[in-house]
Amino acid sequence: RIMSQPIPAVMGFVLVATSLAWISMPTAPVPVPAATTSSTSLGAETLAGERLDRGDFRGRAVVLNFFATWCAPCAAEMSDLVRFAAHRPDVTVIGVAVSSGARAEVRPFLRDHRVTFPIIIDSGALATRFNVEVLPTTIVIDAHGKVAQSIVGATTEHALTQAVAAVAKDRCDAASC
């Protein structure tokens, strides 16, 4: 009889603690440290027909945003990416449309969200090269062409500013890159 009362009390405590932990989970994107050995070797063509290669970004931080036109969190973060790109001309921002269809299907999304930075249409090869498994995912690449950080989930202008600030301290000149 004495043993039967502590069990409900313990179970109640566990239920309350689990509920509080779930409620207090962060809603902001959680930056995930990335391996620093991957390079920006894009070898891709933008929607506008420009070829993007590693040398194009030498000495600059790069933000690669992997998104899909059908992805609600991707659409929600797009205005933050557009603002970030407008406020940080020293950083190259590139959108990578994954599994979003042909150019004609992507253009209305870009127009609706007023995207001005270059967009690459990706069949999945580039996402695979950068180990992207969830959309949206944003990859921050340092001035040396190494992946510095991956942000899994929708990001914000503030989170991008912080991520780029961490890699911007390690700028390089053309000779050291």
Side-chain angles (χ1 to χ4, degrees), residues 28-164 167-168 177:
V30 178
V32 178
T36 57
T37 57
S38 299
S39 76
T40 59
S41 178
L42 295 177
E45 187 176 296
T46 69
L47 196 59
E50 299 173 77
R51 185 91 180 141
L52 299 178
D53 290 305
R54 166 66 179 102
D56 298 338
F57 316 116
R58 189 155 299 170
R60 295 175 60 95
V62 177
V63 171
L64 278 180
N65 176 257
F66 290 83
F67 72 96
T69 57
W70 45 263
C71 166
C74 301
E77 76 173 355
M78 204 52 67
S79 62
D80 280 281
L81 286 159
V82 169
R83 277 194 308 275
F84 176 80
H87 294 142
R88 292 299 303 265
D90 59 315
V91 177
T92 301
V93 178
I94 301 169
V96 183
V98 182
S99 302
S100 294
R103 294 169 185 253
E105 296 170 88
V106 175
R107 281 194 169 102
F109 176 88
L110 301 176
R111 184 179 52 250
D112 291 347
H113 294 283
R114 299 180 178 172
V115 175
T116 56
F117 47 83
I119 301 294
I120 297 170
I121 305 293
D122 183 36
S123 62
L126 195 56
T128 299
R129 193 176 325 158
F130 282 91
N131 299 316
V132 173
E133 296 178 357
V134 175
L135 296 176
T137 292
T138 303
I139 308 289
V140 179
I141 300 167
D142 70 14
H144 299 283
K146 305 296 182 202
V147 174
Q149 190 173 69
S150 295
I151 302 171
V152 177
T155 192
T156 63
E157 181 180 7
H158 179 71
L160 288 170
T161 300
Q162 288 182 322
V164 168
V167 301
C177 287

Please report the closest heavy-atom contact between Cys71 and Pro136, naming both atoms and the distance.
SG-CD, 3.9 Å
Can you give me the closest heavy-atom contact between Ala163 and Ile151, atom names plus distance?
CB-CD1, 4.3 Å
Between the CZ atom in Phe117 and the CD1 atom in Ile94, the distance rounded to the nearest 0.5 Å is 10.0 Å
Val98 and Phe66 have their tightest heavy-atom pair at CG2-CD2, 3.8 Å
Compare every heavy atom of Ala148 with every heavy atom of Val167, then report the nearest pair and how far apart it is.
CG1-CB, 3.2 Å
Say you draw a straight line from CG of Leu160 to OG1 of Thr155; how long is it, rounded to the nearest 0.5 Å?
4.0 Å
Under 4.5 Å between any side-chain heavy atoms of Leu64 and Ile141, yes or no?
yes
Compare all side-chain heavy atoms of Thr137 with those of Ile139 and state whether any distance is below 4.5 angstrom.
yes
Can you pull the side-chain hydrogen bond (donor to acceptor under 3.5 Å, both in side chains) pairs that have at least one residue in residues 95-114, sequence neighbours excluded?
Glu45-Arg103
Of all heavy-atom pairs between Asp122 and Ala125, which one has the smallest distance, and what is that distance?
OD1-N, 3.2 Å
Roughly how far apart are Arg83 CZ and Arg88 CZ, rounded to 0.5 Å?
15.0 Å
Quick check: does any side chain N or O of Asp80 sit under 3.5 Å from a backbone N or O of Glu157, one acting as donor and the other as acceptor?
yes
For residues Ile119 and Val96, determine if any side-chain heavy atom of one lies less than 4.5 Å from a side-chain heavy atom of the other.
no
Applied to residues 64-78, the side-chain hydrogen bond (donor to acceptor under 3.5 Å, both in side chains) test, sequence neighbours excluded, yields Asn65-Glu77, Asn65-Thr138
So which heavy atom on Phe67 is nearest to which on Leu110, and how close?
CZ-CD2, 4.2 Å
Do the side chains of Ile121 and Leu47 get nearer than 4.5 Å, heavy atoms only?
yes
